[in-house]
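The structure appears right after this line, and notes come after that.
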Amino acid sequence: MTTHAPQPPQAAQAAHAVKLPATLDEAVAALAAMPAAVPVAGGTDLMASVNSGLLRPAALVGLGRISEIRGWQYQDGHALLGAGLTHARMGRPDFAALIPALAAAARAAGPPTVRNAGTLGGNIASAAPTGDSLPVLAALEATLVIAGPGGARREVPVSHLLAGMDMLRAGELIGFVRVPLLHAPQVFLKATGRTGPGRATASVALVLDPARRGVRCAVGAIAPMPLRPLDAENWVASLIDWDAERALDPQALHAFGDYVAAACIPDQAPDGTQEQLPPAVLHLRRTVAVLARRALGRALS
């Protein structure tokens with residue numbers, strides 16, 4: 001007679017602790033009913049943490065069946081993007097015509113297996129410094145629509161979440177991302193430590209906002225959250241001839257790159273003293289300067 005080994009208790013528990021809701025509110029309710037549950041969409045970051053032994057979720061709430069967060073719609077001059085949009089979907093031409101920098105970031109997010117599974121909401125929720133969409137969302141000044149218990153919805157600037165100023169509360173999920181449609185050039189560039197798609201060592205997102213005669217720039221991967229060099233933005237915006245061809249002197253373009261890099265990787269220590277930066281940091285600063293200069297040049301060309 002063939003016998004079967006008894007199933008380990010933890011395996012049996014895990015098998016019964018997976019919920020697959022069909023709506024955003026059902027997912028929120030499932031999280032409220034299982035406070036220890038972890039929401040999962042593409043699972044690219046989650047599985048990396050599980051495989052490395054950093055995370056052992058007691059329960060999972062799968063978001064893959066929630067159709068309402070897998071597309072986008074237009075709303076008052078904005079695009080309302082579902083958090084379940086995959087990088088592969090955002091990389092397609094129709095989406096690229098809508099938000100070019102976010103499409104470029106999605107295409108650079110990694111190999112096809114990652115792009116097919118990874119989602120916009122997952123990129124935001126994991127808040128990894130190297131997340132390619134994060135500097136783009138910071139430069140676009142996007143906001144998050146967060147779903148909570150009882151059908152509640154609240155909006156939070158994406159920069160506030162990434163900076164830890166306003167975190168997700170118990171039972172909440174990122175439902176949508178509201179992005180302004182600027183109808184103007186925008187660029188995403190990144191440098192990696194190897195050829196082909198890979199994790200960024202530095203990235204720059206830059207968008208023009210002709211209606212407000214502004215330049216918005218965010219630098220990713222070099223700090224725990226995207227950095228906005230506001231003084232550099234305001235300085236270069238004041239030099240652009242917004243009423244003509246948006247031309248900019250080449251020297252000013254070069255100076256902008258240096259301005260951004262120095263703002264994000266300063267020589268000055270927190271106590272005000274001057275530091276001698278190590279060669280690796282100086283190389284990173286030069287990389288940021290080149291990316292920022294190229295991004296603005298492409299946006300203005």
Is it true that R213 and D243 have a side-chain N and a carboxylate O under 4.0 angstrom from each other?
yes
So, are D166 and R154 salt-bridged, with charged N and O less than 4.0 Å apart?
yes
Checking V260, V219, V187 against V204 for side-chain contact (heavy atoms from CB on, under 4.5 Å), the one that qualifies is V219
Do you know which two heavy atoms are closest between A106 and M90, and how far apart they sit?
CB-CB, 3.8 Å
Please say yes or no: joined through hydrophobic side-chain contacts below 4.5 Å, possibly via intermediate residues, are M34 and I66 part of one cluster?
yes
So does D132 pair up with R115, basic N to acidic O under 4.0 Å?
no
Is the shortest side-chain N to carboxylate O distance from D209 to R216 below 4.0 Å?
yes
More than 12 non-hydrogen atoms from neighbouring residues, nucleotides or ligands closer than 6.0 Å to CZ on R65, yes or no?
no
Qualifying residues under side chain to side chain donor-acceptor pair (under 3.5 Å), relative to S133, sequence neighbours excluded
N123
For P100, what residues pass the side-chain contact (heavy atoms from CB on, under 4.5 Å) criterion, not counting sequence neighbours?
Q186
Which heavy atom in V288 sits nearest to a heavy atom in A202, and how many Å separate them?
CG2-CB, 4.0 Å
Minimum heavy-atom distance R285-P266, with the two atoms named:
NH1-C, 4.0 Å
Could you tabulate the donor-acceptor pairs under 3.5 Å formed by side-chain atoms of residues 220-229, not counting sequence neighbours?
unit_1 : atom_1 : unit_2 : atom_2 : d
R228   : NE     : C217   : O      : 3.2
R228   : NE     : E233   : OE2    : 2.7
R228   : NH1    : A138   : O      : 3.3
R228   : NH1    : E141   : OE2    : 3.3
R228   : NH2    : E141   : OE2    : 3.3
R228   : NH2    : E233   : OE1    : 3.0
R228   : NH2    : E233   : OE2    : 3.4

Only counting residues at least two apart or in another chain, list the ones meeting side chain to side chain donor-acceptor pair (under 3.5 Å) with D76.
none
Not counting sequence neighbours, which residues clear ring pair (Phe, Tyr, Trp, His ring centres under 6.0 Å) with W235? List them please.
Y259
Between the main-chain N or O of A191 and the side-chain N or O of T201, is there a donor-acceptor pair closer than 3.5 Å?
yes
Could you pull out the closest heavy-atom pair between L134 and A128, with the gap in Å?
CD1-O, 3.3 Å
In short, I174 meets G121 closest at the heavy-atom pair CD1-O, 4.2 Å
In one Ile/Leu/Val/Met/Phe/Trp/Tyr side-chain cluster, 4.5 Å: L230, L206:
no
Any link between L137 and L168 through a network of hydrophobic side chains (Ile, Leu, Val, Met, Phe, Trp, Tyr) touching at under 4.5 Å?
yes
Same cluster or not: L80 versus L173, using hydrophobic residues (I, L, V, M, F, W, Y) connected whenever any side-chain heavy atoms lie under 4.5 Å apart?
yes
Sequence neighbours excluded, the answer for side chain to side chain donor-acceptor pair (under 3.5 Å) partners of R178 is Q75, E155
For G62 against P21, the heavy-atom pair lying closest together:
O-CD, 3.1 Å
